[in-house]
Trainee: 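Here it is: the structure, laid out below.
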Amino acid sequence: MISALDIYGPFGLRLIWGGLQTCLGDSFSRGVWHRQRGRCQARVMDDHRMPRKLPTRLLNICISSFCKLHGLDKAEAVLIDGIRLGVLPNVVTYNTLVAAYCRFVGIDAGYSVVHRMQVAGIRPNVITYNSLLAGASRQGQASISLDLFEEMLKLGISPNLCSYNTLMHCFFRFGKPDEAYRVFHDIILSGLRPDPTSFNTLINGLCKNGYVDNALMLYRNLKRHQCQLELVTYNILIDGMCKVGRLKTARWILHELGTSGYVPDAITYTTIMKCCFRLRKFEEASEIFSEMKSRGYTFDGFAYCTVMGAFVKTGELRRAVDVAKAMLKSGIKLDIVFYNTLMNIYCKEGKVDAAFALLNEIEEKGLECNDYSYTISINGLCKARNIEGAQRHLQYLCS
DNA sequence: TTAGGGTTAG
């Protein structure tokens, strides 16, 4: 039987393992974090089960796992440990850190890792830049995205489909549909083949920017060319149609979804049902609900809050309260969206005290208020003509 | 072992 010592020499893995143990605390002995289906799980490994892989790869797995758990400091500690033990980081190591810093700290922090990798003599590649592009997109820096794209080209790094898709998403997200559409054309001009991500980004971007008919046209073209669409593509389109009140078209897409071999999911039904409620088509909503039930889907918190919100929007506060009661009765875990919606109902009914009591309940339950909670509460005070109270509340929130 | 997008609630 091969032991870790045979594979990695006298220290290597054992010490990295030790470093990991230090980072993870005492609860795991020689534990390594493995990513499985997007989640990180701890697994204890014995010497004879240790993977026969290069130490740098192991180092990268450890760093990646910590990054995924938001443990950037621990990831850095593992890197230092690795270097100390002579395990040299490679481009994957730094790319992992660039992506994590961009996601959890910001584009500047990501860029500083790029400098570190250059100092270490490692050249950034297309993945490095794609992470930076995604970071710029998340921060709403469309101009930085373009600069990054040019910088990439200057460095002789060819953008790939992921780069184009990210840039397209960035433009759509920040209300620049013309530029986004140009990026889509650039994909074709560069000889790349758009993938489902490209089409989903494009259709969603068109819908969100008010071009639902163009999105529909694109969908028809894709169907004509027998492109394989994903369930989520249909859901995007259905949502786009529902948002502009085109329930009939949404239902037609629902039908097409079925004939394409897909089964609508809870999101599909919730989206259409919300539209029915908004349009006050209660009977139709009820039919959708029955169909949903017959397929075995039950209402989750998202569905309850969707319907509640729809009633609030149509001003039917009593109905909204009924849904809130049903959700309470169902035993589903109450989240901040539920509380915000209920707070909104109370404010609209002029029961500002009751709304503020909910703020305390949120805190007691260990939930965190968000922007909506504050906007709703301040708005409630203003609507009740308690401007002084609103100012005091705002000052309290800012303090 | 590293990168992208997309669907429902307030």
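So that the names make sense, note that chain A is the first sequence line, chain B the second, and so on, each numbered from 1.
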Trainee: Mind jotting down which residue pairs meet the side-chain hydrogen bond (donor to acceptor under 3.5 Å, both in side chains) criterion with at least one end in residues 294-307 of chain A? Sequence neighbours excluded, please.
Mentor: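 For residues 294-307 of chain A: A/Y269-A/R295.
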Trainee: CD1 of A/I332 versus C1' of B/dG10: gap in Å, rounded?
Mentor: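 Spelled out: CD1 on A/I332 to C1' on B/dG10 is 16 Å.
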Trainee: Using modelled atom types only, decide if a donor and an acceptor are shared between the side chain of A/Y262 and the backbone of A/L229 within a distance under 3.5 Å.
Mentor: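 Confirmed, A/Y262 side chain pairs with A/L229 backbone.
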Trainee: What pairs of residues pass the ring pair (Phe, Tyr, Trp, His ring centres under 6.0 Å) test when at least one of them lies in residues 128-160 of chain A, not counting sequence neighbours?
Mentor: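 Sorted result for residues 128-160 of chain A: A/F149-A/Y164.
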Trainee: Taking atom P of B/dT8 as reference, at what distance in whole Å does atom CD1 of A/I236 sit?
Mentor: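 Computing the A/I236:CD1 to B/dT8:P distance gives 9 Å.
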Trainee: Expected output is a numbered-order residue list: members of residues 100-130 of chain A with a heavy atom under 4.0 Å from any atom of DNA chain B. What is it?
Mentor: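 Heavy-atom contacts with DNA chain B come from A/R103, A/I127, A/N130.
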Trainee: Take the protein atom CE of A/M168 and the nucleotide atom P of B/dG5, then report the distance between them rounded to whole Å.
Mentor: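 Between P of B/dG5 and CE of A/M168: 11 Å.
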Trainee: Assess the side chains of A/T341 and A/N344: does a donor N or O sit below 3.5 Å from an acceptor N or O?
Mentor: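 There is no such pair (donor and acceptor under 3.5 Å, judged by atom type) between the side chains of A/T341 and A/N344.
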Trainee: Nearest to the A/I267 side chain among B/dG10, B/dG5, B/dT7, which nucleotide is it?
Mentor: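 The answer is B/dT7, which lies nearest to the side chain.
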Trainee: In what stems does DNA chain B take part, counting only runs of at least 3 consecutive Watson-Crick or G-U pairs whose two distances fall under 3.5 Å?
Mentor: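 So the stems come out as none.
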Trainee: Counting only N and O atoms by type, is there a donor-acceptor contact under 3.5 Å from the side chain of A/R280 to the main-chain atoms of A/T314?
Mentor: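 Confirmed, A/R280 side chain pairs with A/T314 backbone.
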Trainee: I would like to know whether A/K223 and A/S260 meet side chain to side chain contact (heavy atoms under 4.5 Å, CB included); could you show each step before the answer?
Mentor: CA-CA 10 Å; A/K223 288 283 275 189; A/S260 304; 2.8 Å; yes
Trainee: Whole Å only: how far is the CG atom of A/N90 from the C1' atom of B/dT1?
Mentor: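 Atom CG in A/N90 sits about 8 Å away from atom C1' in B/dT1.
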Trainee: Looking only at side-chain N and O atoms, does A/K68 come under 4.0 Å of OP1 or OP2 in B/dT1?
Mentor: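 Looking at the OP1 and OP2 atoms of B/dT1, neither is under 4.0 Å from any side-chain N or O of A/K68.
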Trainee: Reckon A/N204 has a side-chain N or O less than 4.0 Å from the OP1 or OP2 of B/dT7?
Mentor: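 For B/dT7, OP1 or OP2 has a side-chain N or O of A/N204 closer than 4.0 Å.
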Trainee: Looking at every strand, decide which applies to A/T341 at a 4.0 Å heavy-atom threshold: base, sugar-phosphate, or nothing.
Mentor: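 Result for A/T341 = sugar-phosphate.
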Trainee: For the side chain of A/I336, counting heavy atoms from C-beta on, which of B/dT2, B/dG10, B/dT8 is nearest?
Mentor: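 Of all the options, the side chain of A/I336 is nearest to B/dG10.
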Trainee: Of all the choices, B/dG10, B/dT8, B/dA3, which nucleotide is nearest to the side chain of A/A99 once you look at every atom?
Mentor: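 The answer is B/dA3.
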Trainee: Return yes if the base of B/dT7 and the side-chain atoms of A/D239 contain a donor-acceptor N/O pair under 3.5 Å, otherwise no.
Mentor: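 No such pair is found, so the answer is no.
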Trainee: Taking only distance into account, with no hydrogens and no angle test, what donor-acceptor pairs under 3.5 Å do side-chain atoms of residues 327-340 of chain A form with protein atoms, sequence neighbours excluded?
Mentor:
unit_1: A/S330; atom_1: OG; unit_2: A/M327; atom_2: O; d: 2.6
unit_1: A/S330; atom_1: OG; unit_2: A/I332; atom_2: N; d: 3.3
unit_1: A/D335; atom_1: OD1; unit_2: A/V337; atom_2: N; d: 3.3
unit_1: A/D335; atom_1: OD1; unit_2: A/F338; atom_2: N; d: 3.1
unit_1: A/Y339; atom_1: OH; unit_2: A/E361; atom_2: OE2; d: 2.9
unit_1: A/Y339; atom_1: OH; unit_2: A/K365; atom_2: NZ; d: 3.1
unit_1: A/N340; atom_1: OD1; unit_2: A/S373; atom_2: OG; d: 2.9
unit_1: A/N340; atom_1: ND2; unit_2: A/I336; atom_2: O; d: 3.4
unit_1: A/N340; atom_1: ND2; unit_2: A/N370; atom_2: OD1; d: 3.0

Trainee: Please determine, for the side chain of A/N370, which listed nucleotide (B/dT7, B/dG5, B/dG10) has the closest atom?
Mentor: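 Nucleotide nearest to A/N370's side chain: B/dG10.
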Trainee: If you only use heavy atoms from C-beta on, which nucleotide in B/dT8, B/dT2, B/dG10 is closest to the side chain of A/N344?
Mentor: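 Nearest to the side-chain atoms of A/N344, counting from C-beta on, is B/dG10.
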Trainee: Taking A/E230 for its side chain and A/P196 for its backbone only, find out whether a donor-acceptor pair lies under 3.5 Å.
Mentor: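 Checking the backbone N and O of A/P196 against the side chain of A/E230, no donor-acceptor pair under 3.5 Å is found.
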Trainee: Measure the distance from CG on A/N235 to C1' on B/dT7 and round it to the nearest whole Å.
Mentor: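 Taking CG of A/N235 and C1' of B/dT7, I get 5 Å after rounding.
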Trainee: Would the distance check show the side chain of A/R173 and the main-chain N or O of A/S137 forming a donor-acceptor pair, the cut-off being under 3.5 Å?
Mentor: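 Yes; judged by distance alone, with no hydrogens or angles, the pair exists.
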Trainee: Contact class for A/T197 vs. all strands (heavy atom < 4.0 Å): base, sugar-phosphate, or nothing?
Mentor: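 Base: the residue A/T197, judged by heavy atoms under 4.0 Å, touches a nucleobase.
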Trainee: Are A/K313 and B/dG10 close enough that a side-chain N or O sits under 4.0 Å from OP1 or OP2?
Mentor: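 A/K313 to B/dG10 OP1/OP2: side-chain N or O found under 4.0 Å.
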Trainee: Under 4.0 angstrom, heavy atoms only, what part of the nucleic acid is A/D300 near: base, sugar-phosphate, or nothing?
Mentor: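 Nothing, no heavy atom under 4.0 Å.
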Trainee: Please state how far atom CG in A/L97 lies from atom P in B/dT2, giving the value in whole angstrom units.
Mentor: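 In whole Å, B/dT2 P and A/L97 CG are 13 Å from each other.
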Trainee: I need the CG-P distance between A/L231 and B/dT8, as an integer number of Å.
Mentor: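 Computing the A/L231:CG to B/dT8:P distance gives 13 Å.
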Trainee: B/dG5 C1' sits how many Å from A/R138 CZ, rounded?
Mentor: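 It is 12 Å, rounded to the nearest whole Å.
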Trainee: With a 3.5 Å cut-off and heavy atoms only, can you find an N or O donor on one side and an acceptor on the other between the side chain of A/D195 and the base of B/dG5?
Mentor: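 Looking at the base of B/dG5, it does not pair with any donor or acceptor on the side chain of A/D195 (distance under 3.5 Å).
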Trainee: Determine, for A/D322 against A/R318, whether the closest basic-nitrogen to carboxylate-oxygen distance falls under 4.0 angstrom.
Mentor: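 Between A/R318 and A/D322 there is no salt bridge, as every charged N stays at least 4.0 Å from the carboxylate O atoms.
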Trainee: Answer with yes or no whether A/T201 presents, from its side chain, a donor or acceptor under 3.5 Å of a partner atom in the base of B/dG5.
Mentor: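 Answer is no: no donor-acceptor pair is held.
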Trainee: Scan the side chains in residues 201-209 of chain A for donor-acceptor partners under 3.5 Å anywhere in the protein, sequence neighbours excluded, and list what turns up.
Mentor:
unit_1: A/T201; atom_1: OG1; unit_2: A/T197; atom_2: O; d: 2.6
unit_1: A/N204; atom_1: OD1; unit_2: A/K208; atom_2: NZ; d: 2.9
unit_1: A/N209; atom_1: ND2; unit_2: A/F172; atom_2: O; d: 3.2
unit_1: A/N209; atom_1: ND2; unit_2: A/G205; atom_2: O; d: 2.8

